[in-house]
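Values below: every heavy atom of this structure, side chains too, minus hydrogens, waters and symmetry copies. Letters A, B, ... mirror the listed sequences (proteins, then strands); counts begin at 1.
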Amino acid sequence: MDVTIRVQEADFSLADEYALLAGRAEVGAVVAFVGLVRDVPGRLAGMTLEHYPGMTEKQLGMIVAQAGERWPLSAVTVVHRVGELKLSEQIVLLLVASAHRDAAFAASQFIMDFLKNEAPFWKKETTGEGAAWVEAKDSDAAALLRWSRE
Amino acid sequence: MDVTIRVQEADFSLADEYALLAGRAEVGAVVAFVGLVRDVPGRLAGMTLEHYPGMTEKQLGMIVAQAGERWPLSAVTVVHRVGELKLSEQIVLLLVASAHRDAAFAASQFIMDFLKNEAPFWKKETTGEGAAWVEAKDSDAAALLRWSRE
Amino acid sequence: MASMTIRVLYFARLRDVLRTSEETLALPEGATLADLVALLVARGGDWATEFGGARVFRAAINQDMASLAEVIPADAEVALFPPVTGG
Amino acid sequence: MASMTIRVLYFARLRDVLRTSEETLALPEGATLADLVALLVARGGDWATEFGGARVFRAAINQDMASLAEVIPADAEVALFPPVTGG
């Protein structure tokens, strides 16, 4: 399994990252996820993303490795941005390439669920009234339950 | 919900189709799926994809509309190729844009599961020994069960 | 009983085996897909093999998936084909 | 009992409220995360508010998520931060 993990201030290109994964003979399915700065109607001006350098890369590497143990994956790319982001800008890119569609979909959701709970990123939203740290959602923690093995 | 459905011989560009969806203020998540001609090790030379013109577009439109009733979606794009395809070529592209990650993932899998069972496409594989129609897999039909409502 | 005309289309492996991509048939009004299939099975040979129960096939009426109990409307476009394998 | 030195890092809202991004502390060898937290709560004020039980926080030891019962190794890098909100 080829793994690419990057944390960066610069924007990323879905097309460029996809081109690096899709050409392999054994790949039958690629699932991509892009998270973007969404407008809460009329309210949001942008956001700042902080992270814990070192731990971020380590946690993302562990999450991707766990996905690779559960499903047959050819390649996984995770790119997460930090710093200042404006409305509609891209935040995170995940690409999962596999021989099989179901494996690619399941691994993608697994990686995003764990990223949301265990990768040390924090969002601070900027609105007309100032800046405020985003509170974690209970639903993100609850999403991990679906991956617990019996 | 903006819906784009195309059946074509020409290749498609994930980047171009993504650019058309991702810039909307209300979009927080885009899930993309690309299916590719996968090599069954050393065996496959390519494939031919046949379809039922008219019914294909109608069925894809109904499947996407059903997804739009179940989840809050901003835009859906489906591009499916027909004709001669070589190894590693792209077959199908699905893009789903939503405010929410879970909706985008669920709708993507729903659309692919129904496309696999109800959109009239047929694959004929070409190998060193000749050409043979691909048999449908029971697992594709079984996948629909997860979407049945109680 | 009055009769009606329908078009029947064959796709993919079925078209190859039956060496027919399209034909026009007369059926009694009110005929169901099952009636059409019985008519085809009565032809014998590959028709009986394909539609007689040994092999799985799918049907559409006017471009919607249809079950054997469905009544075929006049001037319908009926399609018979193997289970689909796209995506 | 012998003592050890650890680094403690604070991130995001916790760093803002505590006005501290990093400090070096001496703890007895064998101390757990719970012991460290008790030491911080004893400082009172915002420290007691944040770590005294009223608010949720997360901890990592040497860049792995850790629970309060875990023993802190010597020279560890301990981080305390709010639940994460990336992705």
Chemist: Where does Gln109(B) contact chain A at under 4.5 Å (heavy atoms): side chain, backbone, both or neither?
Modeler: both
Chemist: Using heavy-atom distances under 4.5 Å, tell me whether Asp16(B) contacts chain A through its side chain, its backbone, both, or neither.
Modeler: neither
Chemist: Anything under 30° is parallel, anything over 60° is perpendicular, the rest tilted; go ahead and classify Phe105(B) against Phe33(A).
Modeler: parallel
Chemist: With a 4.5 Å cut-off on side-chain heavy atoms, are Arg101(B) and Asp140(A) touching?
Modeler: yes
Chemist: Side chain, backbone, both or neither: which part of Glu89(A) has a non-hydrogen atom closer than 4.5 Å to chain B?
Modeler: neither
Chemist: By a 4.5 Å heavy-atom criterion (distance strictly below it), what part of Ser13(B) contacts chain A: side chain, backbone, both, or neither?
Modeler: neither
Chemist: In terms of heavy-atom pairs under 4.5 Å, which option from Ala15(B), Ala29(B), Gly35(B) contacts chain A the most?
Modeler: Ala29(B)
Chemist: Please identify which of these residues, Lys116(A), Arg146(A), Lys137(A), meets the salt bridge (Lys or Arg N to Asp or Glu O under 4.0 Å) condition with Asp102(B).
Modeler: Arg146(A)
Chemist: Could you report the tightest heavy-atom contact between Arg24(B) and Ser88(A), atom names first, then the distance?
Modeler: O-OG, 3.9 Å
Chemist: Rounded to the nearest 0.5 Å, what separates atom CG in Leu36(B) from atom CD in Glu26(A)?
Modeler: 10.5 Å
Chemist: Check whether Tyr18(A) gets within reach of chain B through its side chain, its backbone, both or neither, counting any heavy atom under 4.5 Å.
Modeler: side chain
